Novice: 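One structure follows; several queries about it will come next.
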2 protein chains.
Amino acid sequence: MSPLPTVLDVGRVAGVSRQTVSNVLNSPELVRPATREKVEAAIAELGYRPHASARRLRTQKSSTLGIRLDPMTNGISGSLLDRFLHALTEQADRRGLRVMLFTATDPDDEIRQFARLRDGADVDGFVLTATFHEDPRTEWLIEHDVPFVTFGRPWGIDDMNDPRHLWVDVDGHSGLRDATRHLLASGAENVAYLGWPSPSGTGDDRRRGWREAMEARGVLSAAQLDALQAETIDDVQGARDAIRSLIATGVRIDAVACASDSLALGVLLEVGPTIAVVGYDNTPVAGAIGLSSIEQPLDEVAAGALDLLLGDGGRGIVGWTSSSADTRHRLVTPHLVPRERTAIAGAAG
Amino acid sequence: MSPLPTVLDVGRVAGVSRQTVSNVLNSPELVRPATREKVEAAIAELGYRPHASARRLRTQKSSTLGIRLDPMTNGISGSLLDRFLHALTEQADRRGLRVMLFTATDPDDEIRQFARLRDGADVDGFVLTATFHEDPRTEWLIEHDVPFVTFGRPWGIDDMNDPRHLWVDVDGHSGLRDATRHLLASGAENVAYLGWPSPSGTGDDRRRGWREAMEARGVLSAAQLDALQAETIDDVQGARDAIRSLIATGVRIDAVACASDSLALGVLLEVGPTIAVVGYDNTPVAGAIGLSSIEQPLDEVAAGALDLLLGDGGRGIVGWTSSSADTRHRLVTPHLVPRERTAIAGAAG
DNA sequence: CCATCCGATTGGATCGATCAAGCCTTCCGA
DNA sequence: TCGGAAGGCTTGATCGATCCAATCGGATGG
């Protein structure tokens, strides 16, 4: 097979210089339409593809994003990152970007990887998941002017409005509110909440959603609501223990809204089909056992993350240079996927 | 911030030429130890990192592997690819390789992506998952001399020994044999098998493992074994229907060995804790509900795939140039993760 | 009719690394 | 003493695309 064609070859065929070919690709408005068509025909004829590495060397940009693949020790919800990754790759492709993976053992190691990948011009920016309070990673990235966007709000007091920190998140508050409303609408009155220990930015946000819906209903007192909530780590067994303890207090429970599908599964396994349960994340397990769950619109999240990172210009990864608040973060709304729960009922029968 | 240091800067500090710096990095044996140490000190002092794109342009290699991220429609087992991806990224990093993602809608589209990524020198080779009979992708890659390795055997008649097709796979035959032995050892006599419709390379291989273990036991006749097996698509509901039909035939069933955790979950949901079940893939769900399952050693698979791709030399991605059979494919053995099944029992009680 | 201007196009230089030769020592045996 | 070889290091050329300054052609204005 002959070597791959270059801009020079294309130019030769089209009867123009290599720079004109380059202009057709990067600044079409500079080239006269007639010339452009000739060049495009030559490109098609030769099957020319720009050499990514050469372009990167010259421009000092890679058009590639880095994302860390977590060790994924956290059970059922693991597939969430997986789906996000797929959405991100697809959306990135549409914008002419590529996605490169890396792994790290801890935040410090991750920072070392940031440095390594950026210095080698392997990536232009990063997408972070699972941010936490006073995250050293975001601090490092800001300090070193590396473009990035996080999937998840920064939960620090002022961090959320730091113009240099771009973020996209799913409105868990709205999700739990809808889930709770759904349960209330289906006849339940005493809807309990099973979530994660406070403080947890994401977890507290979801709990507030449940609380708001219950307060809007106006039937139960604040004290009664306090008695209807339980906390545990995100784990099936923990959920079973927690819901058993809650039931043991003697409080009446018609339904349970949960902060995750793992917790919801634990509740279902413990109490069987007797009460309605709603989970969060709409994992494959939820589909398999017929559990209603809140679905995160990961395509929107991915698209939003890339839009923020690319800025308004759309030409390359710019990071936080944009100014308007709308272009610095985005909150997308999840939606409930209702299901007739039949699976676990069968197990109990 | 000053621009990143180059080989020239390092050479200046160390008092040598740029080529010597390059040699220290790529062919240390050519450089005198004393000189090497000087250069290494200068590298450390300046925090020098080779510019990946420049190197790629010159060498025409990217040190990057491409892997397709599937749409992941297949439910519970989805997390398997996720874990493989993590293992692959980690193993690749150890060998100085990077992993880049891409998506595709169908095999033909995937082939277009192959061409695009390779022509742009974005990747040197590919890792394929979920290969099937007469896979057009492998044919294209072989024809165009693109290095690749598949996770999964080629199931065509002669394909398996095609020296140009490198592959790694998990010995499902051995896995199901062990699962079946485990069930037999725990007191069950009539161990049924629930798998996928034939022909399915992977599925048929697993069924043969069950069959072999049962035949070795020597209690049941061939006809009896035929009556103890059922088939369905890989789906919880399908499994419930299939096992119900099998039970309806009146055959005695003490335990069920399944081709996947999805199927195992379906069986459990249908029959409850009355009989023992073993799944396959050891997905998070299996852990959550306490289901015994066959675990695929994905670290070994990833390591094997990269070893094959890198060849004996270990210097760069070579594809199939190696000759010995041992260096063209690798079959790794899975192992059973036994669990006391308690979760579903609770749901039934 | 010539000077000016502007958009379209061109050739030279460049990004950072590696390849391929070539140069300078040093060391050996004739 | 000298030819020759080998080791260790240096210099010129190169990979493919883009940046920059210069050029070209045609239209316009004085």
Side-chain angles (χ1 to χ4, degrees), chain A residues 2-40 42-43 46-64 96 116 118-122 124 315-316, chain B residues 2-40 42-43 46-64 96 116 118-122 124 315-316:
Chain A
S2 56
L4 294 166
T6 73
V7 273
L8 205 61
D9 299 317
V10 175
R12 192 161 19 231
V13 169
V16 298
S17 75
R18 54 180 207 285
Q19 179 62 30
T20 301
V21 177
S22 175
N23 285 340
V24 168
L25 293 168
N26 302 303
S27 314
E29 71 279 6
L30 293 181
V31 181
R32 209 165 19 167
T35 314
R36 198 175 61 213
E37 280 166 27
K38 273 195 305 182
V39 172
E40 277 163 354
I43 288 177
L46 296 176
Y48 166 80
R49 295 272 167 211
H51 193 287
S53 295
R55 170 178 285 171
R56 286 175 203 161
L57 172 60
R58 190 64 183 96
T59 62
Q60 305 284 23
K61 309 238 163 247
S62 67
S63 296
T64 302
R116 200 168 64 97
R118 215 217 15 167
D119 289 354
D122 274 312
D124 290 340
R315 244 206 187 338
Chain B
S2 55
L4 293 166
T6 72
V7 274
L8 205 60
D9 299 315
V10 174
R12 193 161 17 233
V13 169
V16 297
S17 74
R18 50 181 213 282
Q19 180 63 31
T20 301
V21 177
S22 173
N23 284 340
V24 168
L25 293 167
N26 302 303
S27 314
E29 73 279 5
L30 293 181
V31 181
R32 208 166 22 164
T35 315
R36 198 175 62 212
E37 281 165 27
K38 273 194 304 182
V39 172
E40 278 162 354
I43 288 177
L46 296 177
Y48 165 80
R49 295 270 166 210
H51 193 288
S53 295
R55 170 179 285 170
R56 285 175 204 163
L57 171 60
R58 190 62 183 96
T59 62
Q60 305 285 23
K61 309 236 163 256
S62 67
S63 297
T64 302
R116 201 170 64 98
R118 212 205 32 152
D119 289 353
D122 275 311
D124 289 340
R315 241 202 188 344

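In what follows, chains are A, B, ... by sequence order, proteins preceding strands, each numbered from 1. These figures come from a predicted structure and were not determined experimentally.
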Novice: For B/Asp124, is there an ion pair with B/Arg56 - N to carboxylate O distance below 4.0 angstrom?
Specialist: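 Salt bridge between B/Arg56 and B/Asp124, a charged N being under 4.0 Å from a carboxylate O: no.
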
Novice: Specify the closest pair of heavy atoms between B/Tyr48 and B/Val7, including all atoms of both residues, with the distance to one decimal.
Specialist: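 Here B/Tyr48 and B/Val7 meet closest at OH-CG1, 3.5 Å.
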
Novice: Please state how far atom CZ in A/Arg12 lies from atom P in C/dT9, giving the value in whole angstrom units.
Specialist: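 Value for this atom pair: 19 Å.
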
Novice: Taking atom CZ as the centre, does A/Arg36 end up with more than 12 heavy-atom neighbours from other residues, nucleotides or ligands that are less than 6.0 angstrom away?
Specialist: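 Above 12, so yes.
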
Novice: Among D/dA13, C/dT9, D/dT18, which nucleotide sits nearest the side chain of A/Ser22?
Specialist: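 So the nucleotide nearest the side chain must be D/dT18.
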
Novice: The side chain of B/Leu57 is closest to which nucleotide in this list: D/dC9, D/dT18, D/dC15?
Specialist: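 Of all the options, the side chain of B/Leu57 is nearest to D/dC15.
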
Novice: Tell me the interatomic distance from A/Arg36, atom CZ, to C/dA8, atom C1', rounded to whole angstroms.
Specialist: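 The distance from CZ of A/Arg36 to C1' of C/dA8 comes to 13 Å, rounded to the nearest Å.
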
Novice: On DNA chain D, compare the nucleotides closest to B/Ser17 and A/Leu8; which residue's is nearer the 5' end?
Specialist: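 Nearer the 5' end of the strand: B/Ser17.
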
Novice: Would you indicate what A/Thr35 reaches in the nucleic acid, counting non-hydrogen atoms under 4.0 angstrom: base, sugar-phosphate, or nothing?
Specialist: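 Sugar-phosphate: the residue A/Thr35, judged by heavy atoms under 4.0 Å, touches backbone atoms but no base.
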
Novice: Nearest heavy-atom pair of A/Ala14 and A/Ala42: which atoms, and what distance?
Specialist: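 Smallest interatomic distance, heavy atoms only, reads CB-CB, 3.8 Å.
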
Novice: Can you check the A/Arg58 CZ to D/dC20 P distance for me, whole Å?
Specialist: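 Taking atom P of D/dC20 as the reference, CZ of A/Arg58 is at 8 Å.
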
Novice: Could you pick out which residue, A/Val21 or B/Arg18, lies toward the 5' side of DNA chain D when each is mapped onto its nearest nucleotide?
Specialist: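 The 5'-side residue here is B/Arg18.
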
Novice: Would you classify B/Arg49 as touching base, sugar-phosphate or nothing, given that sugar-phosphate means primed atoms plus P, OP1 and OP2, and contacts are heavy atoms under 4.0 Å?
Specialist: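 Sugar-phosphate: the residue B/Arg49, judged by heavy atoms under 4.0 Å, touches backbone atoms but no base.
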
Novice: Can you check the A/Asn23 CG to D/dT18 C1' distance for me, whole Å?
Specialist: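 Going from CG in A/Asn23 over to C1' in D/dT18 covers 9 Å.
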
Novice: Where the side chain of B/Arg32 is defined as all heavy atoms beyond and including C-beta, which of D/dG16, C/dA17, D/dG8 is the nearest nucleotide?
Specialist: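 Closest nucleotide to the B/Arg32 side chain: D/dG8.
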
Novice: Between D/dA17, C/dT10, C/dA17, which nucleotide gets closest to the side-chain atoms of A/Val16?
Specialist: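 Between D/dA17, C/dT10, C/dA17, the one nearest the side chain of A/Val16 would be C/dT10.
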
Novice: Once you apply a heavy-atom cut-off of 4.0 Å, does B/Thr20 come out as touching a base, just sugar-phosphate, or nothing?
Specialist: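 It contacts base atoms.
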
Novice: Please pick, from D/dT10, D/dT18, C/dA17, the nucleotide with the shortest atom-to-atom distance to any side-chain atom of A/Gln19.
Specialist: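 Among D/dT10, D/dT18, C/dA17, the one nearest the side chain of A/Gln19 is D/dT18.
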
